[in-house]
Structures are given as C-alpha cells and as structure tokens.
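Lettering follows sequence order; numbering is per chain, from 1.
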2 protein chains.
Amino acid sequence: MKVCREQVAENRLRILEVAGELFKAQGFDKVTVCDVMKAAGLTHGGFYGYFKSKDDLIAQTITHLLSPAPPRGGLARIAEHYLSTDHCGNMKEGCPVAALATETLRQAPEARAAMADGVRRRIGELAQSLAGDDDRAARREAIAGMSTMIGALILARICDDPAMTREILEETRMWLSDREQG
Amino acid sequence: MKVCREQVAENRLRILEVAGELFKAQGFDKVTVCDVMKAAGLTHGGFYGYFKSKDDLIAQTITHLLSPAPPRGGLARIAEHYLSTDHCGNMKEGCPVAALATETLRQAPEARAAMADGVRRRIGELAQSLAGDDDRAARREAIAGMSTMIGALILARICDDPAMTREILEETRMWLSDREQG
DNA sequence: TAGCAAACATGATGGAGATCATGTATCCTG
DNA sequence: CAGGATACATGATCTCCATCATGTTTGCTA
C-alpha cells in the first residue's frame, strides 16, 4: 500500500493530530507508538519512516500543538472560553499547556524546548493583545493572567466534585473580570 | 533481617517520603517500585508487604504529601515563598500540586480522589487565612490566588531561559501584591 | 513499461518493570 | 527459650512496548 506524495504529507499530519489528542488526554507515557499509529489508521511498522523515535514524535507533536495562535481579546473575554465547563471537560481538544506542561518538563530536552518556545510566543501574543499605553503592564497582565487561567483549569479538572469544579471556574472568571474593570 | 515494630512504621514513612520526592521530581511513570525501595534503603521484594500495588503507593503518597498544612498569610506573603527561584528550582521538595496535579488526573481513581481532597482542603485553609469581612470574597481570592501561583510556577519551570523564568515569577508576585493593595 | 525506491504491513527482538515465589533471619508470644 | 510469624532479600515470571528486520505492494522515473 503505497500512496501518492500528498497522501504521505497528509498521513504525517494525521499522525501529529491524533498524537496530540492522545497525549493531551492520556499523557505521554501511557500512549504507545502503536496506539498513535492505530488511531491514525496505520500500523506500528511505518512509524519509523516518519519519526526517529517516540521522543521525536513527542517534540514534534508539541510544536504542532502550539503552532496555532491563541484567541485574542481581553482577559475576561478569553477566560470566558478558557474557563468554560466545556474546555474543562475536554482535555483532548483543549489547551496543550494545561494538559501537558508538567509532564513535558520530564521529557527529552527537545520536547521541553518546544514547549518553552510555545509558551514564550503565546505570552508575547497575549501581551500584544492586551497592550494599552503601558507595555510593561500589558506583559505583566499577560503573564499573570495566563498563569491564573492555566492554574484554575488544572485545579478545576482535579476536583471530582462537579460543584467545586464549577466554583473554581466561575470564581476565577469573576476575579479576572473584577481585575480588568478595577 | 527483621527489625522491631517501630522500625517497621519508620520504614513505611521513609518509603512514603522518598516516593514523594521521586514522584515530584520524575513523575509517577518514570519512577519504578524498585527505585523507591532502593531510595528507602530496601529492596524491591519487601514492597508488597507495605502496599497492595504501585497504584496504592501513589494514592497513599499523595495523601501523605498533602497532609501538612500550607503556610498562612496574605497572598503576597505566601507568593514570596511560593514564587521564589528556590521553590521553582526545587521540584522534589516543592508543592505537590504544581508538580503532580496534571498527571494525577490520569492515575487510578483513588489517587485522583486523594489529590482532589487535598486541594479542597487547601483552598479552604487559604480562604480562612484570607478571610476578612466577606467570606465569599476570601474564598474567591483563595481560589484565584492559588490558581495564579500554581500556574505561574508551572510556566516558570517550563522556560529554559532563566531570565524568562525570573520574569514570570517576579511579575506574578507583583501582580498579586498590586491586587492585594488595590 | 521495467525496475527501483518509497510506504507500509507483519512479525521478531530485547529490555524494562510490576508482581509473585521462595528462602532466611530475626522478632515476638507463650 | 521453642515455635511461629514477620520483614525482608533474591530471583523468577510475564507482560508490555520501543525499535528493528523483512517482505510486499505501488507510485515514480527513465
């Protein structure tokens, strides 16, 4: 089964795509190379035609996950989505930083570098999106605002009591809009 | 080699202690039962005399890690420690939530429940520590403040550029004290 | 269109790690 | 102080998984 050139590029993308979902949902270690290939509609053998190793896949997947630009807007507006129950309950399609940042620290240096780069870029983009008169203030708001949203999402996900999950999401959203107005 | 009763209790504690450090530093999956026992000065065989399984160890370790009460004080004061370069660079002795929360989501239900319980308790304690006239406001501040600190610590740790790590820690600290005064 | 090389499937291989089986030395109970 | 139980060591087992080896089909190039 060989396919045309384009199909090959598509396959590579599909692998990165499903790897991203699987990693975010289950973590790097619990997902096997075989799982990824099966989810992409292939078998494990072909894997090493696309990637040097599982570590290589992880690094490239992180880069892929962080390539789209995050939504723009003020913190309150962004938080409306980021801290929604929808996003909270949907790890596999949600923010890769919240889902994978901690584990990435323990992966190979390339993976960590890819995550670090993505985070740096996103902080820059958010700061621009927030920029008013004072760039320094916008950057601070970007850093702290992003920290707040990521931390809250993680805490909300850990709670097994839905009421508490909702409380964390809502209260953090309110705190962020208070801040924005005050 | 059998030891007196007390030694047994001590051994159990030592295992939980070193397991906590290893897990926080390397994650649940990269630490083996053998690693833990070796670090505790024992061999792998005795492990199943203490714990039913590795999952059991994980759950009990989380409970153990979260049993001490967190420091009290206002957000700015707490952040001074929590967002210090020291804490940032010292995963194995640092906050278990920042180090392990995400991975705990993917562990057995008992582990997740232990983490959820700890988080609930800590939010309550922080809220009390912050309580002024308005309990609701204190609780909101506790939730959002904790989220901010945890998120910032995670982001700071991901960055491989020390300057950026420092920036994240400092700016978040400032944002939190601004909020406290404003 | 002949033949090569790419893309992928199937099936090893090899190591790691969780758990179990067994042996032994030491503590505790009578 | 005898006998059993306990705490632990050593070594075996068994599964899982990353990676490699090989074969086969099919697009591509001359």
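- Following rounding to the nearest Å, A/Asp29 (CG) and C/dA16 (P) show an atom-to-atom distance of 16 Å.
- Regarding A/Phe51, its CZ atom lies at a distance of 11 Å from the P atom of C/dC8, rounded to whole Å.
- Here A/Thr43 lies in heavy-atom contact (under 4.0 Å) with a base.
- Residues A/Gln7 and A/Arg12 have side chains that never bring a donor and an acceptor to within less than 3.5 angstrom of each other.
- In the model, B/His64 has a side-chain atom that pairs as donor or acceptor with a side-chain atom of B/Glu17 under 3.5 Å.
- Closest approach of B/Ala127 to B/Arg139, counting heavy atoms only: CB-CA, 3.9 Å.
- In this structure, A/Gln7 atom CD and D/dG27 atom P are separated by 11 Å, rounded to whole Å.
- You'll find that the side chain of B/Leu42 is closest to D/dC8, out of C/dT19, C/dC8, D/dC8.
- A donor-acceptor pair under 3.5 Å links the side-chain atoms of B/Arg112 to the main chain of A/Ile158, judged by distance alone.
- Within the 4.0 angstrom heavy-atom criterion, no nucleotide atom of any strand lies near B/Gly49.
- Nucleotide C/dA12 holds its P atom 11 Å from the NE2 atom of A/His44, rounded to whole Å.
- Under the 3.5 Å distance criterion, the side-chain polar atoms of A/Thr102 are left unmatched by any main-chain donor or acceptor of B/Thr102.
- If you check every strand for non-hydrogen atoms under 4.0 Å, B/Tyr50 touches sugar and phosphate atoms only.
- The listed nucleotides are D/dC17, C/dA7, C/dT19; the one nearest the side chain of A/Thr32 is D/dC17.
- B/Leu57 places its CG atom 15 Å from the P atom of C/dG17, with the value rounded to the nearest Å.
- Distance CE (A/Met37) to C1' (C/dT10): 13 Å, rounded to an integer number of Å.
- Nucleotide C/dA16 holds its P atom 12 Å from the CG atom of B/Asp35, rounded to whole Å.
- Counting to the nearest Å, the P atom of C/dA9 and the CZ atom of A/Phe47 are 14 Å from each other.
- Among the nucleotides C/dA18, D/dC20, D/dT10, the one closest to the side chain of A/Tyr48 is D/dC20.
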